[in-house]
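One structure is given below, encoded as structure tokens.
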Amino acid sequence: MKWGSSNNTPQWENRVRLSARSRSGHLSVLVTGAAGFVGSHVSAALKRRGDGVVGLDNFNSYYDPSLKRARQKLLEQKGVFVIEGDINDEKLLKKLFDIVEFTHVMHLAAQAGVRYAMKNPGSYIHSNIAGLVTLFEACKSANPQPSIAWASSSSVYGLNSKVPFSEKDQTDQPASLYAATKKAGEEIAHTYNHIYGLSITGLRFFTVYGPWGRPDMADFFFTKNILKGSPISVFQGSNNKSVARDFTYIDDIVKGCLGALDTAEKSTGSGGKKKKNAQLRVFNLGNTSPVPVTKLVSILEKLLKVKAKRNVLPLPRNGDVMFTHANISYAQKEFGYKPTTDLQMGLQKFVNWYLDYYSIIEKKNY
Ligand SMILES: NC(=O)c1ccc[n+]([C@@H]2O[C@H](COP(=O)([O-])OP(=O)(O)OC[C@H]3O[C@@H](n4cnc5c(N)ncnc54)[C@H](O)[C@@H]3O)[C@@H](O)[C@H]2O)c1
Ligand SMILES: O=C(O)[C@H]1O[C@H](OP(=O)(O)OP(=O)(O)OC[C@H]2O[C@@H](n3ccc(=O)[nH]c3=O)[C@H](O)[C@@H]2O)[C@H](O)[C@@H](O)[C@H]1O
């Protein structure tokens, strides 16, 4: 159901209120990007434990929107209403905050992807900068103001060589426009916290993978191409150094998001004025150590029982970095964040989903 067409009716408002309804003592959360990979998992987890959830997503075509529609359908079966709309639509956001006193916002809507920024820079400004500010504007004017948790990114560490990355480390060398928009988001969060008293928690996710993932990410299109017998390009650093990522399974990321929401303090402003200082936090949500991409390919070959056709290429200057490695002790200390799924187990779950489910959708669409 697209906002603005047949919405804004009493029936639409009732659907919003019903979806936002929570068990007593639970949260009422607006999840932006709810038809996305992380957003759909977080929305389902919140609903499962008794929280009220309303989703918002513009169902853009960065990747196959039918996958977003399939996630939306699953959520609707769980009682989560995912509204089709853009976070830049200030009228829609105001309407939502007029209808529901959201206790929290889980902001996951963004243009994701490191490499795509070189093809479509405007999309990153639209969603990651303008969209973020429009959302923060709606939050600061809401009464009561919600507490906000939002997705930053491991990419803010950019060309940092000091490992593992800690939240206090420098983040002033972003290697991609995507990373720069996430870093800018952290600075914008600081101003809305300082001026309006919004309680804001930034979550630096580290390469998230798992069932219902994104087709633009390596685990996904490597699987697709290995099964098709098509070649895959495996990036490698100079002098054969492996490119590596702190791959983090989606269920661990969801636990981190819920931990951040549950430990978020109330915002301190009302009607756009701050009464006292509010909470401002940033956490790494990663795994325990980086794994070379070549290892990810080897695991996939064994799970799929097909040999990959590897083209080993030098890491292109496309915004990619050689490695990411999270120090997660701060999130562990503040809300008991503890990743429990390693890459072998996580890829097993992804491949099971891909073979059981996604390859069926693909046959229908192509
Ligand atoms: N998946 C990862 O590895 C990873 C790592 C670090 C950070 N992140 C961040 O986590 C968040 C969720 O990422 P994801 O992997 O689920 O990506 P995703 O693309 O699956 O989810 C983002 C969703 O937001 C929606 N969206 C984009 N722009 C919008 C707008 N202007 N208005 C409304 N909806 C909009 C998209 O349609 C999509 O469904 C993003 O902020 C991303 O930058 C993801
Ligand atoms: O942590 C983040 O903040 C980011 O995580 C994710 O980015 P990445 O870590 O780049 O994940 P992904 O594309 O799966 O590539 C995985 C690995 O495969 C390598 N890679 C990639 C493509 C290819 O053809 N060959 C290759 O070797 C590639 O060099 C990389 O080493 C999110 O997409 C992004 O939204 C951002 O949020």
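Order of listing sets the numbers, starting from 1, for every ligand and every atom in it. Numbering starts at 1 and runs along the sequence shown.
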I need the contact residues for ligand 1: any residue with a non-hydrogen atom closer than 4.0 Å to the ligand, ordered by chain then number. Gly33, Ala35, Gly36, Phe37, Val38, Asp57, Asn58, Phe59, Asn60, Tyr63, Lys68, Gly85, Asp86, Ile87, Leu108, Ala109, Ala110, Ala112, His126, Ser127, Ala151, Ser152, Tyr178, Lys182, Phe205, Thr207, Val208, Arg214, Met217

Pairing of Lys94 and Asp98 as salt bridge, 4.0 angstrom limit: yes

How about Tyr249 and Tyr209: are their ring centres within less than 6.0 Å of each other? yes

Salt bridge (charged side-chain N to carboxylate O under 4.0 Å, His left out) contacts in which one or both residues fall within residues 153-174, not counting sequence neighbours: Lys162-Asp169

Here the pair of heavy atoms bringing Phe222 nearest to Leu296 is CD1-CD2, 3.6 Å

Got a sec: does the CD of Glu90 have more than 12 other heavy atoms crowding it under 6.0 Å? no

Hey, is ligand 2 close enough to Arg245 that some N/O pair sits below 3.5 Å? yes

Measure the distances from the heavy atoms of Thr324 to every atom of ligand 2 and state whether one is below 4.0 angstrom. no

Among all the protein's non-hydrogen atoms, which is closest to atom 22 (C) of ligand 2, and how far away is it? Phe221 CZ, 3.5 Å

List the closest protein heavy-atom neighbour of atom 2 (C) of ligand 2: residue, atom name, distance to the nearest 0.1 Å. Ser154 OG, 3.2 Å

Quick test of your reading of the model: are Glu76 and Arg15 salt-bridged, counting only N-O distances below 4.0 Å? yes

Counting neighbours of NE2 on His26 that are heavy atoms of other residues, nucleotides or ligands and sit closer than 6.0 Å, is the number greater than 12? yes

Look up atom OH in Tyr337 and atom CG in Asp252, then write down how far apart they are to the nearest 0.5 Å. 5.0 Å

Find all atoms of ligand 2 within a distance of less than 4.0 Å from any non-hydrogen atom belonging to Phe205, and give their numbers and elements. 1 (O), 2 (C), 3 (O)

Ring centres under 6.0 angstrom apart (Tyr62, Tyr116): yes

Please walk me through it: do Asp320 and Arg245 pass salt bridge (charged side-chain N to carboxylate O under 4.0 Å, His left out)? CA-CA 11 Å; Asp320 253 323; Arg245 286 291 180 276; 3.1 Å; yes

Of Lys182, Met217, Arg214, the residue with the heavy atom nearest atom 6 (C) of ligand 2 is Met217

Please determine whether the number of non-hydrogen atoms from other residues, nucleotides or ligands lying under 6.0 Å from atom CD of Glu101 exceeds 12. no

Modelled atom types, side-chain donor and acceptor of Asn60 and Lys68, under 3.5 Å: yes

Do His325 and Asp246 get their side chains close enough for a donor-acceptor pair, meaning under 3.5 Å? no

To the nearest 0.1 Å, how far is atom 7 (O) of ligand 2 from its closest protein heavy atom, and which atom is that? Val114 CG2, 4.0 Å

Met217: partners by side chain to side chain contact (heavy atoms under 4.5 Å, CB included), with sequence neighbours left out: Thr207, Arg214, Asp219

Against heavy atoms of Val234, which atoms of ligand 2 measure under 4.0 Å? 27 (O)

Protein heavy atom at shortest distance from atom 24 (O) of ligand 2: Ser233 O, 3.4 Å

Of Ala179, Ala218, Ser176, Ser153, which has the heavy atom at the shortest distance from atom 15 (O) of ligand 2? Ala218

I'd like to check which ligand 2 atoms, numbered from 1 as shown, lie under 4.0 Å from a non-hydrogen atom of Ser155. 3 (O)

At under 4.0 Å between heavy atoms, which part of Tyr209 makes contact with ligand 2: side chain, backbone, both or neither? neither

Could you check atom 29 (O) of ligand 2 against the protein and tell me its nearest heavy-atom contact, residue, atom and distance included? Asp320 OD2, 3.2 Å

In ligand 2, the atoms that come under 4.0 Å of a heavy atom of Tyr178 are 35 (O), 36 (C), 37 (O)

Protein contact to atom 20 (N) of ligand 2 [nearest heavy atom, distance to 0.1 Å]: Phe235 CD1, 3.6 Å

Short list, please: which atoms of ligand 2 are under 4.0 Å from a heavy atom of Gly113? 34 (C), 35 (O)

In the protein, which heavy atom is nearest to atom 13 (O) of ligand 2, and how far is it? Arg115 NH2, 2.5 Å

To check your reading of the model: name the closest protein heavy atom to atom 11 (O) of ligand 2, its residue, and the distance in Å. Thr207 CG2, 3.6 Å

Non-neighbouring partners of Lys183 that pass side chain to side chain contact (heavy atoms under 4.5 Å, CB included), sequence neighbours left out: Val156, Thr171, Glu187

For ligand 2, indicate whether the residue Phe222 contacts it via side chain, backbone, both or neither (heavy-atom separation under 4.0 Å). side chain

Please tell me whether Met118 and Phe235 are part of a single hydrophobic cluster in this structure, the criterion being side-chain heavy atoms less than 4.5 Å apart. no

Does Val293 approach ligand 2 within less than 4.0 angstrom via side chain, backbone, both or neither, non-hydrogen atoms only? side chain

Proximity of Phe206 to ligand 2 by residue part, where a heavy atom lies under 4.0 Å: backbone

